[in-house]
Amino acid sequence: MLDAAAIREDSERVRLALAKRGVHVDLSEFLAMDEEFRRSRTESEQLRAERKKLSGEVAKAAREGGDVEALREQAKAVGTRLAELEARLGEVEEARQRFLDALPNLPDDDVVAGGKENNAVVRESGSKPEFEFTAKDHVDLASGLGLIDYKRGAKLGGSGLWVYSGNGAMLEWSLLNFFVEEHRKDGYEFVLPPHILTYEAGYTAGQFPKFADEVFVIEQGEDGRPAKFLLPTSETALVNLHRDETLPEAELPRKYFAYSPCYRREIGSYRASDRGTLRGHQFNKVEMFQFTRPEDSAAAHEELIGKAEALVAALGLHYRVSKLAAGDTSPAMARTYDIEVWLPSLDSYIEVSSVSNSRDYQARRGNIRYRPADGKSAFVHTLNASGLATSRLLPAILEQHQQADGSVVVPEPLRKWVGAEILKAPGA
RNA sequence: GGAGGCUUCGCCUAGUCUGGUCUAUGGCGCCGCACUGCUAAUGCGGUUUGGGUAACCAACCCCAUCCCGGGUUCAAAUCCCGGAGCCUCCGCCA
């Protein structure tokens with residue numbers, strides 16, 4: 001959520017920042033609502049004060065034998081006016097809140113305007129592998145090596161679902177183990193969250209109300225809202241860990257990481273380029289998360305980018321880092337860098353990690369504060385980063401590390417869990 | 001799925017039967033001061049949170065806040081209705 005005071009004070013700056021996302025809003029509409037809201041609130045507070053005073057006098061009169069009836073009538077009249085005013089206040093407040101809830105975060109000043117096409121590669125690591133044989137794609141490799149059973153996955157759960165089996169399950173599990181080990185080394189606290197979350201959790205993360213149709217709702221509320229849903233990423237759980245809390249400054253930054261499957265509806269988004277496990281209704285991801293002081297969030301963001309990169313690099317993959325343009329940055333985020341690995345069969349780079357700084361946008365929605373040593377409580381900054389999503393990493397590993405005979409070399413850090421240096425076709 | 005109990009300041013707790021002087025008692029913790037070689041102990045004072053007004057800062061003032069939502073009433077921590085969470089027991093179950 002944006003700071004209403006900031007919109008009031010410099011609506012032009014806000015308008016221009018949102019325009020970079022391609023979001024064009026008439027803020028004068030908001031300013032009018034905001035003004036009426038503030039005025040009505042002040043008025044109704046004054047009326048409350050008056051009623052309170054009269055009620056006190058009723059009590060006093062009852063005790064000392066004054067004219068109770070006249071005072072009661074007077075107080076009742078104030079109460080009636082108050083009720084009318086508050087009904088109106090409630091409507092304005094709701095409309096104002098709806099408007100605020102729908103506004104995405106302001107992209108940082110150095111984030112360029114426009115969509116995907118304006119994303120900029122900031123650096124590359126390694127180089128595209130060259131094959132002296134006809135390279136296979138990840139689906140053929142995974143099927144041929146008996147790692148992933150796409151057919152039976154669809155049989156069990158429908159399209160967009162698959163089964164990891166045998167060495168495939170071990171490879172998948174080894175990736176998760178590797179990430180867990182690395183994050184623990186860096187002092188991040190391991191969290192295994194519930195996969196079922198409430199509406200409030202989705203609201204804080206920025207999922208609701210706007211993107212409610214992207215998640216699997218498992219319990220519909222009477223108000224038509226999703227009362228319970230399956231998390232689309234463990235970020236949604238992690239950001240809520242400290243919802244409605246005020247953290248002591250000395251406890252910041254708080255660094256967490258979580259593992260969970262991610263459940264997504266992905267309605268109408270399948271393309272030929274999403275074959276195999278590249279886009280599914282359920283995929284595994286380890287997520288990093290930080291709660292920081294505002295002045296520390298820029299450095300924390302760099303730290304998270306570095307950590308995500310280190311994981312990809314350790315797996316021996318060629319990748320690049322892109323800075324997203326405003327329009328491609330998630331609504332709740334002020335800046336995002338994507339780590340993208342090279343996928344030979346697609347002749348393109350695919351996202352395996354998204355590293356973002358939400359600044360105080362989520363903190364405001366979730367009322368997540370900290371108390372500086374000297375003064376008033378303030379909102380923390382929240383940052384999240386995939387570290388990493390396996391369902392795109394595994395295809396890249398298969399394709400980039402494939403050999404002429406159809407086997408795949410297991411990246412060194414994973415070997416102790418996989419129990420093999422090379423994956424060969426069954427019977428080969 | 002059924003029955004009962006509970007939910008008040010950072011923590012514990014009084015207050016709810018009998019509505020008003022209740023943001024609310026006491027203790028712990030924490031902060032400050034005093035005393036004391038130091039510490040401890042003791043004494044005194046302070047300590048819910050959010051918002052508004054105002055503005056150099058602060059104070060003062062106003063509103064809200066006793067799990068949440070609604071109702072009754074001039075007035076609700078307190079009475080009524082609905083919901084959530086926690087605990088105990090029964091049932092079912094990996």
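Just the heavy atoms: all of them, side chains too, but no hydrogens, waters or symmetry mates, feed the values below. Lettering of chains follows the sequences in order, A, B, ..., and the numbering in each one begins at 1.
- Taking the charged nitrogens against the carboxylate oxygens, A/Glu86 and A/Arg48 do have a contact shorter than 4.0 Å, which makes a salt bridge.
- Distance, A/Arg225 CZ to B/A84 C1': 15 Å, rounded to whole Å.
- Dashed line: the shortest gap from a side-chain N or O of A/Lys53 to OP1 or OP2 of B/G20 is not under 4.0 Å.
- Between A/Asp244 atom CG and B/U49 atom C1' there is a gap of 12 Å when expressed in whole angstrom units.
- Regarding contacts with the backbone of B/C62, every side-chain N or O of A/Arg48 stays at 4.0 angstrom or more from both OP1 and OP2.
- Nearest nucleotide to the side chain of A/Arg41, out of B/G52, B/G20, B/G50: B/G52.
- In this structure, the nucleotide among B/G50, B/A64, B/C74 sitting nearest to the side chain of A/Ser377 is B/G50.
- In this structure, the CG atom of A/Leu54 is 19 Å from the P atom of B/G20, given to the nearest Å.
- Counting to the nearest Å, the C1' atom of B/G10 and the CD atom of A/Glu251 are 12 Å from each other.
- Side chain to side chain, A/Ser165 and A/Asp149 fail the donor-acceptor criterion of an N or O pair below 3.5 Å.
- Along RNA chain B, the nucleotide closest to A/Glu50 and the one closest to A/Ala59 are compared, and the more 5′ of them pairs with A/Ala59.
- Here B/C28 sits opposite B/G10 as a Watson-Crick or G-U wobble pair (both hydrogen-bonding atom distances under 3.5 Å).
- Classification of A/Asp101 and A/Arg98 as a salt-bridged pair fails, no side-chain N sitting under 4.0 Å from a carboxylate O.
- Nucleotides B/G15 and B/C6 have their P atoms positioned 13 Å apart, rounded to a whole Å.
- Only the P atoms considered, B/A77 is 26 Å distant from B/A59, to the nearest whole Å.
- Closest to the side chain of A/Arg72, out of B/C62, B/G50, B/C74, is B/C74.
- Rounding to the nearest 0.5 Å places CD of A/Glu36 at 13.5 Å from CG of A/Leu31.
- Remark: A/Arg254 fails to qualify as a cation-pi partner of A/Phe291 under the 6.0 Å distance and 45° angle criteria applied to the six-membered ring.
- With both ends at atom P, the span from B/C28 to B/C87 equals 30 Å, rounded to whole Å.
- Summarising the base pairing, B/A77 is matched to no nucleotide, lacking a Watson-Crick or G-U wobble pair whose two defining distances lie under 3.5 Å.
- Here B/A34 sits opposite B/U42 as a Watson-Crick or G-U wobble pair (both hydrogen-bonding atom distances under 3.5 Å).
- In this structure, a donor-acceptor pair under 3.5 Å is present between the side chains of A/Ser322 and A/Glu340.
- The partner of B/C22 is absent, by the rule that a Watson-Crick or G-U pair needs both atom distances under 3.5 Å.
- Of the candidate nucleotides B/G20, B/G50, B/G51, B/G50 has the atom nearest to the side chain of A/Arg371.
- Considering only side-chain N and O atoms, A/Lys52 lies under 4.0 angstrom from the phosphate OP1 or OP2 of B/A64.
- As a whole-Å value, the separation of A/Leu82 CG from B/C62 C1' is 14 Å.
- Residue A/Thr42 places none of its side-chain N or O atoms closer than 4.0 Å to OP1 or OP2 of B/C63.
- Spacing between atom CG of A/Asp67 and atom P of B/C74 amounts to 15 Å, rounded to whole angstrom units.
- Judged by Watson-Crick or G-U wobble contacts below 3.5 Å, the nucleotide B/G82 has B/C68 as its partner.
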Query raised in the report: Between A/Tyr188 and A/Gln290, is a side chain to side chain donor-acceptor pair (under 3.5 Å) present by the stated rule, with each step listed?
Result: CA-CA 9 Å; A/Tyr188 283 61; A/Gln290 286 204 30; 2.8 Å; yes

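- Taking atom P in both B/G91 and B/G2, the straight-line distance is 16 Å, to the nearest Å.
- With ring centers used as reference points, A/Phe289 lies 6.0 Å or more from A/Phe257.
- For RNA chain B, none of the residues of residues 192-206 of chain A falls under the heavy-atom distance limit of 4.0 Å.
- When the nearest nucleotides of RNA chain B are assigned to A/Ala49 and A/Phe379 by heavy-atom distance, the more 5′-ward of the two goes with A/Phe379.
- Of the nucleotides present, B/G2 is the one that pairs with B/C89 by Watson-Crick or G-U wobble criteria, both distances under 3.5 Å.
- Rounding to whole angstrom units, CD of residue A/Gln74 and C1' of B/A75 are separated by 14 Å.
- If you take atom P in B/A76 and the same atom in B/A64, they sit 9 Å apart, rounded to whole Å.
- To the nearest whole angstrom, the two C1' atoms, one in B/U65 and one in B/U8, are 11 Å apart.
- Atom P of B/C66 sits at a distance of 13 Å from the matching atom of B/A24, rounded to the whole Å.
- Sequence neighbours left out, the pairs with a member in residues 167-185 of chain A that pass side chain to side chain donor-acceptor pair (under 3.5 Å) are A/Tyr164-A/Glu172, A/Glu172-A/Asn284, A/Glu172-A/Thr390, A/Glu181-A/Lys416, A/Glu182-A/Lys185, A/His183-A/Lys307.
- The separation of B/C22 from B/A3, taken at their P atoms, amounts to 39 Å, rounded to a whole angstrom.
- A/Arg369 comes within contact range of the sugar-phosphate backbone alone, with a heavy-atom separation under 4.0 Å but no base atom that close.
- Under the Watson-Crick or G-U wobble criterion, with both distances below 3.5 Å, B/A54 is left unpaired in every strand shown.
- For the pair A/Glu86 CD and B/G71 C1', the computed distance is 15 Å after rounding to whole Å.
- Of the charged side-chain nitrogens involved, at least one lies within less than 4.0 Å of a carboxylate oxygen, so that A/Lys323 and A/Asp110 count as a salt-bridged pair.
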